[in-house]
Amino acid sequence: MKVESGRPTLLTKLLNKEFLKFVVSGGINTLTTYLMYLLLLLFLNYSLAYTVSYVSGIFLSYYLNTVFVFKEKMSIKKFLKFPIVYLIQYFINLLMLYILVEHLHLSTRIVPLIVVVVTIPVTYVLSKLIIKSK
């Protein structure tokens with residue numbers, strides 16, 4: 001999967017071991033927070049249920065990305081910076097959630113899965129920048 005000049009292609013870079021581990025840990029996090037979202041839908045409206053499950057997912061994501069994906073030591077400094085990744089992702093996702101539910105009339109049960117998949121590349125890059133920082 002290399003171009004003729006010997007430099008790796010974008011696809012090669014994305015499909016490295018670290019990125020694949022990121023996708024696996026993201027899958028675990030997504031499944032966990034999605035199940036929490038479905039449970040919370042029984043008691044809360046979709047945006048509040050999404051918010052609560054999303055915030056819980058930030059804690060799980062920090063742990064999985066730091067220990068499993070990037071193999072770094074956990075620190076308070078990085079932990080405090082890490083929510084920036086998800087704050088950016090949250091607003092992108094909330095906007096997409098609104099458009100897909102209110103304008104395209106997609107199911108509130110399926111939309112969170114769609115928006116997470118769309119934002120995977122942005123989340124990977126931002127997470128790596130923060131967790132690998134000194």
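- Under the 4.5 Å side-chain heavy-atom criterion for ILVMFWY residues, no single connected hydrophobic cluster contains both V117 and I88.
- Aromatic rings of Y86 and F82 (six-membered ring for Trp) have centroids within the 6.0 Å cut-off, being under it.
- Cation-pi geometry between K21 and F68 is satisfied (NZ or CZ under 6.0 Å from the ring centre, within 45° of the ring normal).
- When all heavy atoms are compared, the tightest approach of Q89 to T123 is NE2-OG1, 2.9 Å.
- Under the 4.5 Å side-chain criterion, counting only non-hydrogen atoms from C-beta, M74 is not in contact with F79.
- At most 12 heavy atoms of other shown residues, nucleotides or ligands fall within 6.0 angstrom of atom CD1 in I76.
- The backbone N or O of F22 sits less than 3.5 Å from a side-chain atom of S25, completing a donor-acceptor pair.
- At least one donor-acceptor pair under 3.5 Å links the side chain of T119 to the backbone N or O of V116.
- Atoms OG1 and CG, on T108 and L106 in that order, are 10.0 Å from each other to the nearest 0.5 Å.
- Residues I114 and L104 share a single hydrophobic cluster, defined by chaining ILVMFWY side chains whose heavy atoms lie under 4.5 Å apart.
- Scanning all heavy atoms of the two residues, the minimum distance from N29 to G57 falls at ND2-O, 3.1 Å.
- Hydrophobic clustering (ILVMFWY, side-chain heavy atoms < 4.5 Å, transitive): L35 and L39 are in distinct clusters.
- Under the 4.5 Å side-chain heavy-atom criterion for ILVMFWY residues, a single connected hydrophobic cluster contains both L40 and L42.
- Donor-acceptor pairing under 3.5 Å is lacking for the side chains of T33 and Y54.
- Panel note: side chain K78, backbone S133; a donor-acceptor pair is recorded below 3.5 Å.
- V115 and P112 get closest at one heavy-atom pair: CG2-O, 3.3 Å.
- I28 is connected to F19 through a chain of hydrophobic side-chain contacts under 4.5 Å among Ile, Leu, Val, Met, Phe, Trp and Tyr, so both are in one cluster.
- Taking 4.0 Å as the cut-off between side-chain N and carboxylate O, K128 and E18 count as a salt-bridged pair.
- When all heavy atoms of V52 and M36 are compared, the closest pair comes out as O-SD, 4.3 Å.
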Criterion side chain to side chain contact (heavy atoms under 4.5 Å, CB included) on N93 and Y50, from CA distance to verdict: CA-CA 10 Å; N93 288 1; Y50 183 76; 3.0 Å; yes

Derivation of the side chain to side chain contact (heavy atoms under 4.5 Å, CB included) call for F91 and M96: CA-CA 8 Å; F91 286 114; M96 290 173 57; over 6 Å; no

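- By the 30° and 60° cut-offs, the orientation of the rings of Y98 relative to H103 is perpendicular.
- In terms of heavy atoms, S53 sits closest to Y37 at OG-CB, 3.7 Å.
- Taking CG of L129 as the start and NZ of K81 as the end, the distance is 10.0 Å to the nearest 0.5 Å.
- Atoms OH and CG, from Y90 and L97 in turn, are 8.5 Å apart once rounded to the nearest 0.5 Å.
- No option in L64, N65, I58 other than N65 meets the side chain to side chain contact (heavy atoms under 4.5 Å, CB included) test with S61.
- Between Y62 and T66 the shortest heavy-atom distance is O-OG1, 2.8 Å.
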